[in-house]
Amino acid sequence: KNISSALIHMTYIPYLSSAGELKTKPTQHSVKELLSVGIQPDILMCRTAKKINKESKYKISLFCNIPFESVIMAIDVNSIYQVPESLFLENINKRIFNHFDLKSKKKIDLKIWKNFNKKVKKTKEKVSIALVGKYKNSSESYKSLNEALFHSGIYNNLKVNLTWIDSNTLKDFEHCKNILLKYNGILVPGGFGKRGVEGKINAI
């Protein structure tokens with residue numbers, strides 16, 4: 001049979017520490033804007049820093065014209081790898097299955113996520129790695145390398161403390177040696193153009 005699509009609308013519910021409460025009005029307004037152009041969300045994903053109580057969920061459900069079960073709390077977690085567990089506890093899988101009138105053929109197993117997150121928490125020993133590159137926005141420019149080092153560390157029961165060092169600042173061998181001696185390892189990623197190459201060579 002033909003299966004229609006499901007519209008999941010992501011919204012943010014701010015928490016006002018001075019008032020000690022979550023504010024649902026912005027969410028109501030964002031859904032109202034969608035409804036005004038003829039778009040009805042099937043599931044509302046509410047990003048929040050604090051747990052949403054039932055009262056707030058009922059309010060969102062009522063004013064957004066969305067079933068209570070379809071108001072899903074996406075609470076902030078320490079790691080992106082905790083998101084599958086967090087959303088599973090909110091029964092998002094059941095809402096998606098119900099929307100498409102599907103039945104799960106087997107029990108959902110989150111063992112791989114749970115085991116990984118347990119290992120992350122248990123890992124205590126640390127290793128320091130210097131990433132010598134020339135791009136200033138290190139978190140984005142070297143995102144894949146950061147994740148690769150993180151996963152490699154967890155696999156080896158180590159927490160990787162990564163420090164980005166601007167290769168443009170490494171002027172000579174002695175200066176470079178003084179900076180890099182304190183690290184357990186050095187990673188020098190590739191890059192385009194001449195800028196920062198001398199510092200990379202000094203680091204190597």
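Given the structure is predicted, the values throughout are model-derived calculations rather than measurements. Only this structure's heavy atoms are used, side chains among them; waters, hydrogens and symmetry mates stay out.
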message: With a sphere of 6.0 Å drawn around NZ of Lys159, does it hold more than 12 non-hydrogen atoms of other residues, nucleotides or ligands?
response: yes
- prompt: Can we call the ring centroids of Phe116 and His151 under 6.0 Å apart?
  reply: yes
Audit row: Val127, Asn161, side-chain contact (heavy atoms from CB on, under 4.5 Å) steps and yes/no: CA-CA 6 Å; Val127 63; Asn161 288 334; over 6 Å; no
Heavy-atom donor-acceptor pair, Glu125 side chain to Leu158 backbone, under 3.5 Å: no
message: Please check: side-chain N/O of Lys134 versus main-chain N/O of Arg195, any donor-acceptor pairing under 3.5 Å?
response: yes
- prompt: Under 3.5 Å, is there a donor-acceptor pair between the side chain of Ser36 and the main chain of Glu33?
  reply: yes
task: Indicate the atoms forming the closest heavy-atom contact of His9 with Ser30, along with that distance.
output: NE2-OG, 3.3 Å
- line: Nearest heavy-atom contact between Tyr142 and Gly133 is OH-CA, 3.3 Å
Residue among Lys122, Glu85, Gln82 satisfying side-chain hydrogen bond (donor to acceptor under 3.5 Å, both in side chains) with Asn117: Glu85
message: Quick check for you: to the nearest 0.5 Å, what is the distance between Ile201 atom CD1 and Cys176 atom SG?
response: 11.0 Å
message: If you count heavy atoms of other groups shown closer than 6.0 angstrom to CD1 of Ile204, is the number above 12?
response: yes
- prompt: For the hydrophobic clusters of this structure (ILVMFWY residues joined by side-chain heavy atoms under 4.5 Å, transitively), does one cluster hold both Tyr183 and Leu187?
  reply: no
Spacing of Asp101 atom CG and Lys103 atom NZ [to the nearest 0.5 Å]: 8.0 Å
field: Criterion side-chain contact (heavy atoms from CB on, under 4.5 Å) on Ile43 and His99, from CA distance to verdict
entry: CA-CA 9 Å; Ile43 296 173; His99 177 81; 5.6 Å; no
- prompt: Closest heavy-atom contact between Ile13 and Ile60?
  reply: CD1-CD1, 3.6 Å
- request: Can you see which heavy atom on Leu110 is nearest to which on Pro84, and at what distance?
  value: CD1-O, 4.4 Å
query: Do Leu87 and Phe97 share a hydrophobic cluster (ILVMFWY, side-chain heavy atoms under 4.5 Å, transitive)?
result: yes
query: Step by step, would you call Val71 with Cys46 a side-chain contact (heavy atoms from CB on, under 4.5 Å)?
result: CA-CA 7 Å; Val71 179; Cys46 301; 3.9 Å; yes
message: What I want to check is whether the side chains of Thr24 and Ser56 have a donor and an acceptor closer together than 3.5 Å.
response: no
task: Report yes or no: do Asp166 and Thr169 form a side-chain donor-acceptor pair below 3.5 Å?
output: no
- prompt: Does atom CD1 of Ile112 have more than 12 heavy-atom neighbours, drawn from other residues, nucleotides or ligands, at distances under 6.0 Å?
  reply: no
query: Hey, quick one: are Leu162 and Ile165 part of the same hydrophobic cluster, counting side-chain heavy atoms closer than 4.5 Å, chains of contacts allowed?
result: no
- prompt: Is there a chain of hydrophobic side chains (I, L, V, M, F, W, Y, each step under 4.5 Å between heavy atoms) that links Tyr12 to Ile92?
  reply: no
- prompt: For the side chain of Ser61 and the backbone of Ile66, is there at least one donor-acceptor N/O pair under 3.5 Å apart?
  reply: yes
query: Got more than 12 heavy atoms from elsewhere within 6.0 Å of NZ, Lys126?
result: no
- prompt: Taking atom CG of Leu16 and atom CG of Leu22, what is their separation to the nearest 0.5 Å?
  reply: 8.5 Å
message: To check you understand the geometry: which heavy-atom pair defines the closest contact between Ala130 and Leu180, and what is its length?
response: CB-CD2, 4.0 Å
- prompt: Does any N or O in the side chain of Asn178 come within less than 3.5 Å of the main-chain N or O of Glu174, such that one atom is a donor and the other an acceptor?
  reply: yes
message: If we ignore hydrogens and angles and just use 3.5 Å, is the side chain of Thr123 paired with the main-chain N or O of Lys119 as donor and acceptor?
response: yes
task: May I ask you to decide if Ile129's main-chain N or O and Asn184's side chain share a donor-acceptor pair within less than 3.5 Å?
output: no
message: Salt bridge or not between Lys143 and Glu147? Use side-chain N to carboxylate O under 4.0 Å.
response: yes
query: Quick check: does any side chain N or O of Lys200 sit under 3.5 Å from a backbone N or O of Pro189, one acting as donor and the other as acceptor?
result: yes
- request: State plainly whether the residues Glu21 and Lys23 are in salt-bridge range, i.e. N to O under 4.0 Å.
  value: yes
- prompt: Is Lys57 salt-bridged to Glu69, cutoff N-O under 4.0 Å?
  reply: no
Aromatic ring proximity, centroids under 6.0 angstrom, Phe150 and Tyr81: yes
- prompt: Shortest non-hydrogen contact from Glu198 to Lys171?
  reply: OE2-O, 3.6 Å
message: Quick check on the hydrophobic clustering: are Met10 and Ile96 connected, directly or via other members, by side-chain heavy-atom contacts under 4.5 Å?
response: yes
statement: Rounded to the nearest 0.5 Å, the CD atom of Gln28 sits from the NZ atom of Lys25 at a distance of 5.0 Å
- prompt: Can you list the steps and then say if Leu7 with Gln40 is a side-chain contact (heavy atoms from CB on, under 4.5 Å)?
  reply: CA-CA 8 Å; Leu7 175 65; Gln40 170 67 62; over 6 Å; no
- prompt: Going by an N to O cut-off under 4.0 Å, is there a salt bridge joining Arg47 and Asp76?
  reply: yes
